[in-house]
Amino acid sequence: MPLSIYNTLSRQKEEFKPIHEGHVGIYVCGPTVYSHSHIGHAKSYISFDIIVRYLRYLGNNVLYIQNITDVGHLTDDADEGEDKLIKQARIDRVHPMQIAESITRSYFDDMDKLGIERPDISPRASGHIIEQIEIIKKLLANGHAYEVNGSVYYNVQKFKNYGRLSGRVLEESVEGTRVETRSEKRHPADFALWKKAESGHIMRWPSPWSEGFPGWHIECSAMSMKYLGETFDIHGGGMDNQFPHHECEIAQSEAATGKPFVNYWVHNNLVTVNGKKMSKSLGNFVTLKDAFKKYDPIVVRFFILQSHYRSTLDFSDEAVQAANTGFDKLMNTIRNLREELMKAETEQRTSGSAFDCSPYRKHFLEAMDDDFNAPLAVGVLFDLARETNHALNSGQKLSLDALKQIDLLFSELGGTVLGIIPDQIGTAAGDTKTESRLMDLFINIRAEVRKQKLWTISDVIRDGLKAVGFIIEDKKEGTIWRKIQ
RNA sequence: GGCGCCGUACCCAAGUGGUAAGGGAGAGGUCUGCAAAACCUUUAUGCAGCGGUUCGAAUCCGCUCGGCGCCUCCA
């Protein structure tokens, strides 16, 4: 079954065919770096991380571009408000670029923790002013834009496909809008390509029209086309960017080049808190730094992957907690599997029962091929875990080859593709030799008192070790231990 | 007002025509000195409600009720 992707342009799943077979160009709208990332960013960038990882897993050579917006969009009204970065900088009494730089670092730090692979290129909007100006020049030359008082606006009425992506009709959308019509624009839906800077505006660049700054859609057109070409395969972003941002991107890009801009538009759905959208303006957002104080970042990743990228995800402590428990169980299976594998390797096991991995791989791939259905794929991992546990506890040993196969499958599907199974899990090996020796000592003492049926002492040792972070489990083959993470 | 999405067990959540994945929680059991872990069994004759199409619908169509998103910035 070929890979199919839900394309916002056609509002249906389509078989994915890249422009050049084996090569995929993907652009995803990155963050505006003026405040720390929140759970919504995590959902979005994990979604696209999975998409990129899976495309690569299928053998594609993927070029993944994700911008950093450090010019700042505009608050309040789309074209007339105050630059967010500048506003934050004024509050903090620093240069706007300081904010941009420190938040960019914070962003990468959070994303790294979530196991998100970095984009191949993270272009900064401020580093591509020239490219943006070039597009604006083209649009002015072919009559799709007009200049007023040093600012340049895009003439929406001249682009017949405007509204195709978001499914709205120009006249209707203008009628119901709450934005007041401002004087400079010929049509209320026209948007700024270049804005002349007022006297107090710190971030400004020279241009043929005025000293100013670029509009808030043009950066993505400039940077995506610079690195991926005038027509490319996939453009992604949050659903809230569908209109007007992506609609405007299409309009200005296609008007400038005369070519189709993007073949597949992919939008991830949003995170809600108590059923309400998490957003800056509502002030109900959960920053990742706060979330990481309570949960292991990998658990946050796992939680997000348990729902589909096109579904909304309601964030609550109970839900993450439940995911945490489930995740721990999965890791337990992996840990037990790897310990058994190590054992089989040291004893050079030559016999043992076989294990058929193929149905799990098949189901997993089918799930991912169907518009990256990660939650279904996670379900397959749990099915595999159950059968693995079953085999591990059945009494008859698995062959070395079978153990290797299972481990490979978990590593490949859960590790390489989904990024939720680490190569190394905290095992009985412990951090240090001393730790390991001490634990062996405790276990030996406890084994001795258990032999004498001194259960209270035995339990004191077990409870005491748990209190300082070591779990003890008595198994048939002996006592094992591990650290609480 | 325009455009669009969603409503599946106690909770989260897959499932777009063929007879309800998975996770959490709960109940019973196996194992164990007891725990823990693991395994087995169990929890929706029904998928917001009502009609319709069909041999067959959670899945398609219509209406009703409820929740949400976009049309200002936001992933």
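Letters go in sequence order (proteins before strands), and every chain restarts at 1.
For A:His41, the side-chain atoms get nearest to B:rC74 when compared with the rest of B:rG33, B:rA21, B:rC74. Considering only side-chain atoms of A:Arg462, the nucleotide from B:rG33, B:rA75, B:rG24 that sits closest is B:rG33.
Annotation for A:His308 and A:Asp371: closest pair CE1-O, 3.1 Å, computed over non-hydrogen atoms.
No N or O donor and acceptor, one from the side chain of A:Arg310 and one from the base of B:rC5, sit under 3.5 Å apart. Taking 3.5 Å as the limit, the base of B:rG69 and the side chain of A:Thr312 contain no donor-acceptor pair of atoms between them. Evaluation of atom-type donor-acceptor distances gives a pair under 3.5 Å for the side chain of A:Asp474 against the base of B:rC34. No N or O donor and acceptor, one from the side chain of A:Lys476 and one from the base of B:rC31, sit under 3.5 Å apart.
Look at B:rG69: its Watson-Crick or wobble partner, with both distances under 3.5 angstrom, is B:rC3. A 3.5 Å limit on both hydrogen-bonding distances identifies no Watson-Crick or G-U partner for B:rC74.
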Q: Take A:Glu339 and A:Lys343, measure what salt bridge (Lys or Arg N to Asp or Glu O under 4.0 Å) needs, and give me the verdict at the end.
A: CA-CA 6 Å; A:Glu339 274 170 11; A:Lys343 212 155 84 184; over 6 Å; no
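Counting non-hydrogen atoms under 4.0 angstrom, A:His267 reaches nothing in the nucleic acid. At a threshold of 4.0 angstrom between heavy atoms, the contacts of A:Asp459 include nucleobase atoms, whether or not backbone atoms are also involved.
Between the P atom of B:rA75 and the CZ atom of A:Phe243 lies a distance of 18 Å, rounded to the nearest Å. Between the C1' atom of B:rC70 and the CE atom of A:Met239 lies a distance of 10 Å, rounded to the nearest Å.
Using cut-offs of 30° and 60° on the angle between ring planes, the pair A:Trp265 and A:His267 is parallel. A:His235 and A:His246 have perpendicular rings, their planes meeting at more than 60° on a 0 to 90° scale where under 30° would count as parallel.
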I'd like a list of close polar pairs between nucleotides 37-39 of chain B and the protein, N/O only, cut-off under 3.5 Å.
| residue | atom | partner | partner atom | Å |
| --- | --- | --- | --- | --- |
| B:rA38 | O3' | A:Asn389 | ND2 | 3.2 |
| B:rA38 | O2' | A:Asn393 | ND2 | 2.1 |
| B:rC39 | OP1 | A:Asn389 | ND2 | 3.0 |

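In summary, A:Asp383 and A:Arg386 engage in a salt bridge, as defined by a charged side-chain N under 4.0 Å from a carboxylate O.
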